[in-house]
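The structure appears below as structure tokens.
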Amino acid sequence: MTKEELAKLLGTTRQNLNKWEKERPDLVRLINQGLALDLSIEETRKHLERLEAIKENASSGKFNLK
């Protein structure tokens, strides 16, 4: 799968994937693990969205992990 194809499946851009590789290797690792474990792209995207929401909430002092 190309980065362009993966980006489309994740609802982002190839440039954003490149940025994640540099700035957020944890996200790239999560995507790769999801693909290796045969999780659907939709499940992987939900996990990514949840991680981003937790990060945003934590940076604003909120710690709701639900």
Side-chain angles (χ1 to χ4, degrees):
M1 176 180 300
T2 67
K3 279 188 182 179
E4 196 71 41
E5 292 167 332
L6 180 59
K8 185 176 180 180
L9 288 171
L10 291 172
T12 191
T13 64
R14 182 183 47 77
Q15 293 82 1
N16 212 17
L17 286 180
N18 290 335
K19 181 180 173 185
W20 290 352
E21 286 178 333
K22 293 176 185 168
E23 298 176 8
R24 300 292 310 273
D26 55 323
L27 290 178
V28 175
R29 190 169 35 257
L30 178 65
I31 292 166
N32 288 333
Q33 288 172 346
L35 293 172
L37 294 172
D38 201 27
L39 292 176
S40 72
I41 292 295
E42 187 59 36
E43 288 176 90
T44 302
R45 182 175 20 200
K46 286 178 185 176
H47 291 303
L48 290 172
E49 289 170 355
R50 184 167 183 263
L51 284 175
E52 286 300 315
I54 290 170
K55 178 186 166 202
E56 287 176 25
N57 288 336
S59 69
S60 66
K62 300 175 187 173
F63 293 97
N64 184 359
L65 299 178
K66 293 181 183 176

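Partners of Glu5 according to the side-chain contact (heavy atoms from CB on, under 4.5 Å) rule, which considers only residues two or more places apart in sequence or in another chain, are Met1, Thr2. Take Lys3 and apply the side-chain contact (heavy atoms from CB on, under 4.5 Å) test, not counting sequence neighbours, and it matches Arg14, Leu17, Asn18, Glu21. Residues passing the side-chain hydrogen bond (donor to acceptor under 3.5 Å, both in side chains) test with Thr13: none are found, sequence neighbours excluded.
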